[in-house]
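Only this structure's heavy atoms are used, side chains among them; waters, hydrogens and symmetry mates stay out.
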Amino acid sequence: MAEPPAGFVHVLRAPFINHVGPILQAVQNAPGRMTLGLQVELVHCNTMGFMHGGMIATVCDSTMARATHTLLQRRTVTLRMALEYFDPIQKGDFIEAHGALLSEDGEVAHTECRVMAGGSMRARSTGVFRLLRKV
């Protein structure tokens, strides 16, 4: 694996995320926020050479869960996720997924994620997560 871009580090996570990555994490994240990054390679693409929608969903899901964890220190499972795709992401692009915890009530957390590439938003996701035990 090549060196991560400035401001990002490679952090091992769940086996599936490690398998489809490498997904990088910003060095600095405020509580309730998370930024993940990914250098889009051929393995992340569909037959047209665009980043696969399922891979975008995977990055959004992980970003929103980690944003929740930074503030609440609780594990989560996804209850519902919605995703809007605006523009294709090309092989070779570096994406940044910016996640935020919007609200929580002790049982569930509401989140959002914005996927950026080349200075523009390419996708937006919202999620609802069940809050599990504290870590």
Any link between [X] and [Y] through a network of hydrophobic side chains (Ile, Leu, Val, Met, Phe, Trp, Tyr) touching at under 4.5 Å?
| X | Y | answer |
| --- | --- | --- |
| Leu24 | Val40 | no |
| Leu12 | Met34 | no |
| Met48 | Leu42 | no |

- [ ] Please assess Thr111 against Phe129 for the test side chain to side chain contact (heavy atoms under 4.5 Å, CB included), listing each intermediate value before the final yes or no.
- [x] CA-CA 8 Å; Thr111 61; Phe129 290 83; 3.3 Å; yes

Quick one: pull up [atom1] in [X] and [atom2] in [Y] and give me the separation to the nearest 0.5 Å.
| X | Y | atom1 | atom2 | value |
| --- | --- | --- | --- | --- |
| Thr47 | His52 | OG1 | NE2 | 8.5 Å |
| Arg124 | Thr126 | CZ | OG1 | 6.0 Å |
| Thr58 | Met51 | OG1 | CE | 8.0 Å |
| Leu36 | Asp61 | CG | CG | 10.5 Å |
| Lys91 | Asp93 | NZ | CG | 10.5 Å |
| Leu102 | Glu112 | CG | CD | 5.0 Å |

Check [X] against [Y] and note the closest heavy-atom contact, atom names and distance.
| X | Y | value |
| --- | --- | --- |
| His110 | Val128 | ND1-CG2, 3.6 Å |
| Ile95 | Val59 | CD1-CG1, 4.3 Å |
| Leu83 | Gly53 | CD2-O, 4.3 Å |
| Cys113 | Met64 | CB-CG, 3.7 Å |
| Ala30 | Thr70 | O-OG1, 3.8 Å |
| Leu38 | His44 | CD1-CE1, 3.7 Å |

- [ ] Evaluate the side-chain proximity of Phe8 to Gln25: yes if any heavy-atom separation is below 4.5 Å, no if none is.
- [x]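 They are not in side-chain contact.
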
Task: Close side-chain approach of Ser125 and Met81, heavy atoms under 4.5 Å - done: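 SC-SC contact between Ser125 and Met81 confirmed.
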
- [ ] Start with the C-alpha distance between Thr68 and Leu131, add both sets of side-chain angles, then the distance that settles side chain to side chain contact (heavy atoms under 4.5 Å, CB included), and finish with yes or no.
- [x] CA-CA 9 Å; Thr68 300; Leu131 298 172; 3.8 Å; yes

Open item on the list: Using side chain to side chain contact (heavy atoms under 4.5 Å, CB included), reason through Val115 and Ile89 one step at a time and then give a plain yes or no.
Closed with: CA-CA 10 Å; Val115 179; Ile89 298 168; 4.0 Å; yes

- [ ] Take atom CZ of Arg33 as the centre, draw a 6.0 Å sphere, and report whether it contains more than 12 heavy atoms from other residues, nucleotides or ligands.
- [x]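 Atom CZ in Arg33 is not packed in, count stays at 12 or less.
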
Task: Between Arg122 and Ser120, a side-chain donor and acceptor under 3.5 Å - done: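 Yes, a side-chain donor-acceptor pair sits under 3.5 Å.
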
Open item on the list: What I want to check is whether the side chains of Arg66 and Ser62 have a donor and an acceptor closer together than 3.5 Å.
Closed with: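 Yes, Ser62 and Arg66 have a side-chain donor paired with an acceptor closer than 3.5 Å.
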
Open item on the list: Whether the side chain of Glu104 engages the backbone of Gly106 through a donor-acceptor N/O pair (distance < 3.5 Å, no angle test) should be reported.
Closed with: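 Such a contact is found between Glu104 side chain and Gly106 backbone.
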
Open item on the list: Using only atom types and a distance under 3.5 Å, with no angle test, would you say the side chain of Thr35 pairs donor to acceptor with the backbone of His98?
Closed with: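 The answer is no, because no donor-acceptor pair under 3.5 Å joins these two groups.
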
Task: Aromatic ring proximity Phe50/Tyr85, centre distance under 6.0 Å - done: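 Between Phe50 and Tyr85, the centre distance exceeds or equals 6.0 Å.
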
Task: Verdict with supporting geometry, Leu132 and Thr76, side chain to side chain contact (heavy atoms under 4.5 Å, CB included) - done: CA-CA 5 Å; Leu132 303 177; Thr76 63; 5.8 Å; no

